[in-house]
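Just below is one structure, and these are the notes that go with it.
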Amino acid sequence: MSTRTPLIYTPKILDLFRNPKNLGKMEDATVSSQAGSPACGDVITIYLKIEDSRIIDASFESYGCAANIAAASIITEMVKGKTLKEAWDITWEDVTNELGGLPSIKYHCSILAVGGLKRAIRKYFQEIVKMHPDWLPKDLSKEERQALEEEELIERIYRKYGVVP
Amino acid sequence: MSTRTPLIYTPKILDLFRNPKNLGKMEDATVSSQAGSPACGDVITIYLKIEDSRIIDASFESYGCAANIAAASIITEMVKGKTLKEAWDITWEDVTNELGGLPSIKYHCSILAVGGLKRAIRKYFQEIVKMHPDWLPKDLSKEERQALEEEELIERIYRKYGVVP
Amino acid sequence: MVKVSEFLKQHGKPSREVYLDHENSGWVPPEVVEAMLPYFNQRGYGHPSITNLPGWEAYEVVESTLEKVNKTINARGGELVITHNGTEANNLAIIGTALGSGRERRKIITSAIEHVSILFPARSLEEYGYRVVTIPVDKEGFVDPDMLSMLIDYETLMVSIQMVNHEIGTIQNIKTLVETVKDKDDRIIFHTDAVDAYGRIKIDVEELGVDLMTLSSHKIHGPRGVGVLYVREGVRLKPIMHGALSTQKMWPGVENIPAIAGFNKAIDLTFTNFDDNVKKMKMLRDMLMDGILNNVPEVLLNGPRGDKRAPDNVNISFLHVEGESITVELSLRGVYVSSGSACTSRVLEPSHVILAIGRRYEEAHGSILFKVSRYHNKEDIEYVLSQVPPAIERLRIISPLARESREAVKKVVEV
Amino acid sequence: MVKVSEFLKQHGKPSREVYLDHENSGWVPPEVVEAMLPYFNQRGYGHPSITNLPGWEAYEVVESTLEKVNKTINARGGELVITHNGTEANNLAIIGTALGSGRERRKIITSAIEHVSILFPARSLEEYGYRVVTIPVDKEGFVDPDMLSMLIDYETLMVSIQMVNHEIGTIQNIKTLVETVKDKDDRIIFHTDAVDAYGRIKIDVEELGVDLMTLSSHKIHGPRGVGVLYVREGVRLKPIMHGALSTQKMWPGVENIPAIAGFNKAIDLTFTNFDDNVKKMKMLRDMLMDGILNNVPEVLLNGPRGDKRAPDNVNISFLHVEGESITVELSLRGVYVSSGSACTSRVLEPSHVILAIGRRYEEAHGSILFKVSRYHNKEDIEYVLSQVPPAIERLRIISPLARESREAVKKVVEV
Ligand SMILES: Cc1ncc(COP(=O)(O)O)c(C=O)c1O
Ligand SMILES: Cc1ncc(COP(=O)(O)O)c(C=O)c1O
């Protein structure tokens, strides 16, 4: 049951874990998306309310460790008021910095949060407005790819061990 | 510098180490002999005063550990008043028992003491009275052999490492 | 990264604290510390193999402690090797047996729920031509003697099966397993990791017939720094560490005398009123277990119930929440536990023990291990029971999986 | 055999005691014990990798201690592996480097006077095709850089040469030796066992250029239970023990937090007023050394004099008497020392260090190691000097060799 590395969190992470901002399903969200998988032990759901290509509200849900909850919460704070293009440009390093730092083995929490956000933005353009702005890359971004890889990896492990997910 | 086994001595050994009985070179000894070697770290000298095939006095010198000193001292106590035949029959186990026990890696101290004693008795018959009683085996006893082996072993080691003893 | 001290300030010291993470380590009662103190600088601060007074005093500690251990496991003869913890003793048992063997037998059998200090040393031998066979366990963690019997062949060097599982508390029937092995081939070495059994169930090495057995001081409220490997007479081991030998031949380096003196005292405390202690632990265990199972929805008990469960072990999977966040949430509330979640280790692999009893990954991620001790009282458990339900509830409010589950239930109810 | 307790009664407690066996181990000053106490049961009694408060508090101890070690050896970057003693750190250095290497290079070079926790692990690798080359030393224990240079070839995997010899106090010129090695082939790993150097001479791993370095807590008046291996960034090791990894990757098992907290404090005490401490040790050393050399006939000083000798080391061979009996005789007088004699080990081999500097067997058997500490004062040394001459004199009265020597001298004088 022992872990590999001690997980020291910043005061900011502990604060957001205790009092997460923008928590909960948004009933009137313009778009929502999920990243991660229960089998991996982390899932982030991002809800965005979008008006005139600007995120006017955002909320999250998180199944995961304290850092995961904090990363999901802070990214919803970061995107509020931003245009979709501005939100797209947020990197996982930005999220990490905003949290005051993360233990290196927890970087994937920021990556997952950014992956979830980018998925939501891509979904918005693909499924809601059905157009593709030129700043939006056709190929998956690094964070979207990593979220996908994590989701697929666990399925491969499941198959390997003959477990039905 | 660490040793392999803790060396716990009996009260008797510690007592004889502190106040050895029959200590010192006997100037008017009938016979004396030595067993062991400086290179091995243990030498016992036994002095016997013999009258009418009886040991009327005995003394010792010892270069060695506390158990070695005690074993040499106690064997001189044990032989006093004994006939040479009786003294010959003393075994290293007798000496060990008389000491109240020895750590097993210290058994060689009793063996050396008995070896020294037997050498002295043999020398007495061979060199002083020049006769061979029938109870005295022609072949070296176990204790005499072991003393000899120890003495020779160290010479072999010396030769092997090219050291001049 | 941030300094721990800053984090600790932010965390704060809860007004009430109950430590239940005895699996990973724990605190040492004052009497045990008291017993250690003289050996730091009053007496016995020397090397137990050296012929000076502080050395002989040190040896007295070693001698009397080993005598005491022998008594508590009913060992008559055999050797006790002192290491620094159970991990080292387990490494010596596995690798030392392999090194000490003639190398004709190259199969090592262990169970799927062994501690990693058994599994990893065993696997490390695969590089040298050994084959490690891992027996699966049933839903409660038990090894099937018939399956064990089937796996034994002329190639089998050793079998290592723990006495009590550290995570789910399964008490194996070691006597039957030893008989199964020895009936087929009595030259096979049987090792049992009894780290979590010592002080919790009666152990009698003569009756059980085990060849090697591991114990650890800090698992019975002794200090860290002492492990013991019992080695039956005639069992051939080779040391895996090399250096100045001390009072024993199998682990080099000077003995940690104050720690051994503390272990000695911890043995006294554990085995005086042994039965009462065990009864108390069982009472607290059941109080905690039932309290959670009855008051928190969507939970699963991991491991067996009743007499086949270790008296101190409660292991529960909380569905739809992840274990690391539970440990943090409970820590803020002064309840200290650990989890079988993988989230902290970034290996994507949660507890192999929880998976081995057939739990799904997400069930393992939500598993929490509580270990009660004879030093707890009912009020402690009441406090824990007052904190666990709201802690889980709060995290479930955050979790999308918990919401989806609620919505699914609601739908079913509405239909 | 007799119980130790009986023996101890017979031995008695001397009215005055001076402990000089710091080579084998020693006592821990009260401030260090004080620093350990909270971690037994007040704070940090958890597992430093677990996310609960006692775990984080435990990690704080690890973090701050490693920071402190880094500072005292001027390590910028690199990893510090925590083991339980110097023996384990040395084993990891030697065997871990072999396991971590590509196995093309199979030559290990050490000196003839290394601690056995270097020599024995190295020799244990011979079974696996490694070749151990032992460089002889000169009469004072120094390794000749030119000879080292000659021995280095394309096959050389590593060189392990200690910084300060534990028995005769020789301070090697490690910087020159590292340069010698790296000049020929900078892929060769240089390990130095600094167990007896730490706290006695200044160590700067950046300036020295060593790749691996061993430290041990109990050698600087810290508690037993903590060793450290410094591993330069980029040096590839493989662990030799397997189990649950904790805050570090190279040694499994939970960290001994109270011991680490004590080591932390011992570092403070050792490095505050470092220069004064060293000066004091040198003063006491010289007082003891000169006192014996001037007052006891037929003695030999082992090891160098002056600045190339460790500030705490006095090693003297007393001719015609055997070391074990000296340790017992001095123990009865409250002076605690150890000997390089083989008499206690029954291997017929006295100290390999004393033999390596060209001493005869009987000179090695009579060697006594005294290690002064900054906690001693002049009165302690005066007491020792009042006891050593009569102790030696008494044993010489018992020894036939001493008598023979006296008689030979007398003869010479008479002639
Ligand atoms: C079953 C079992 N075996 C071995 C160990 C390792 O013991 P230690 O912590 O003393 O290294 C543990 C400790 O967690 C354990 O629970
Ligand atoms: C030079 C040297 N290296 C290594 C060691 C072993 O260290 P430890 O006693 O911490 O195992 C010692 C201890 O005697 C030593 O003197």
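Below, read A as the first sequence line, B as the second, and so on, with proteins coming before strands; counting in each chain starts at 1.
For D/Asp21 and D/Lys371, the salt-bridge test fails: no basic side-chain N is under 4.0 Å from an acidic carboxylate O. Between D/Glu34 and D/Lys265 no salt bridge is recorded (no basic side-chain N to carboxylate O distance below 4.0 Å). For the pair C/Glu114 and C/Arg123, the salt-bridge criterion is not met [side-chain N within less than 4.0 Å of a carboxylate O]. Remark: C/Glu63 does not engage D/Lys3 in a salt bridge, criterion side-chain N to carboxylate O under 4.0 Å. Between D/Glu17 and D/Arg333 no salt bridge is recorded (no basic side-chain N to carboxylate O distance below 4.0 Å).
Using bins of under 30°, 30° to 60° and over 60° for the plane-to-plane angle, the ring pair D/His352/D/His166 lands in the tilted bin. Between D/His22 and D/His221, the ring-plane angle classifies as perpendicular under the 30° and 60° cut-offs.
Heavy atoms closer than 4.5 Å to chain D are found in the side chain of C/Glu67, but not in its backbone. For chain C, the nearby parts of D/Glu57 are the backbone and the side chain; heavy atoms of each come within less than 4.5 Å. With a 4.5 angstrom heavy-atom cutoff, D/Pro29 touches chain C only via backbone atoms. Neither the backbone nor the side chain of C/Tyr375 has a heavy atom closer than 4.5 Å to any heavy atom of chain D. Interface remark: D/Glu60 contributes backbone and side-chain atoms alike to the contact with chain C (heavy atom separation under 4.5 Å). With a 4.5 Å cut-off on non-hydrogen atoms, D/Ile118 does not touch chain C at all. For D/Val33, the part lying under 4.5 angstrom from a heavy atom of chain C is the side chain only. For C/Leu99, the part lying under 4.5 angstrom from a heavy atom of chain D is the side chain only. Looking at D/Leu20, neither its backbone nor its side chain comes within 4.5 Å of chain C, counting heavy atoms on both sides. Residue contact with chain C, scored on non-hydrogen atoms closer than 4.5 Å, is absent for D/Val32.
Of the listed residues D/Leu37, D/Leu119, D/Asn85, the one with more heavy-atom pairs under 4.5 angstrom with chain C than any other is D/Asn85. Across C/Asn91, C/Val335, C/Thr87, the residue that shares the most heavy-atom pairs under 4.5 angstrom with chain D is C/Asn91. Residue with the most contacts toward chain D among C/Met36, C/Gln42, C/Lys13: C/Lys13 (heavy-atom pairs, distance under 4.5 Å). Chain C forms more heavy-atom pairs under 4.5 Å with one residue of D/Ser117, D/Pro223, D/Ser64, D/Pro54 than with any other, namely D/Pro54. Annotation: maximal heavy-atom pairing with chain C below 4.5 Å, among D/Ser5, D/Gly225, D/Gly55, occurs at D/Ser5. The greatest number of non-hydrogen atom pairs below 4.5 Å with chain D, out of C/Gly44, C/Ser25, C/Gly334, C/Gly26, is found for C/Gly26. For chain C, the option among D/Gly253, D/Gly46, D/Pro239 with the highest count of heavy-atom pairs below 4.5 Å is D/Gly46. Contacts with chain D were tallied for C/Leu53, C/Leu330, C/Asn41; C/Leu53 has the most, counting heavy-atom pairs under 4.5 Å.
Legend: residues meeting side chain to side chain donor-acceptor pair (under 3.5 Å) with C/Glu88, ordered by chain and number and at least two apart, are C/His84, C/Trp251, D/His84, D/Trp251.
Inspection of the C/Glu167 and C/Ser351 side chains reveals an N or O donor paired with an N or O acceptor under 3.5 Å. For D/Thr214 and D/Asp193, the side-chain atoms include no donor-acceptor pair closer than 3.5 Å. Judged purely by distance below 3.5 Å, without hydrogens or angles, the side chains of C/Thr327 and D/Thr51 pair a donor atom with an acceptor atom.
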Q: Kindly determine whether C/Ser341 and C/Glu322 satisfy side chain to side chain donor-acceptor pair (under 3.5 Å), including the steps that lead there.
A: CA-CA 7 Å; C/Ser341 160; C/Glu322 188 279 331; 2.3 Å; yes
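Aromatic pair D/Tyr45/D/Tyr39: ring centres not closer than 6.0 Å. The aromatic ring centres of C/Trp56 and D/Phe7 sit less than 6.0 Å apart.
Using a distance-only test at 3.5 Å, with no hydrogens or angles considered, a donor-acceptor pair links the side chain of C/Ser124 to the main chain of C/Pro121.
Proximity to chain D at a heavy-atom threshold of 4.5 Å picks out C/Glu255, C/Asn256, C/Ile257 from residues 255-264 of chain C, in numerical order.
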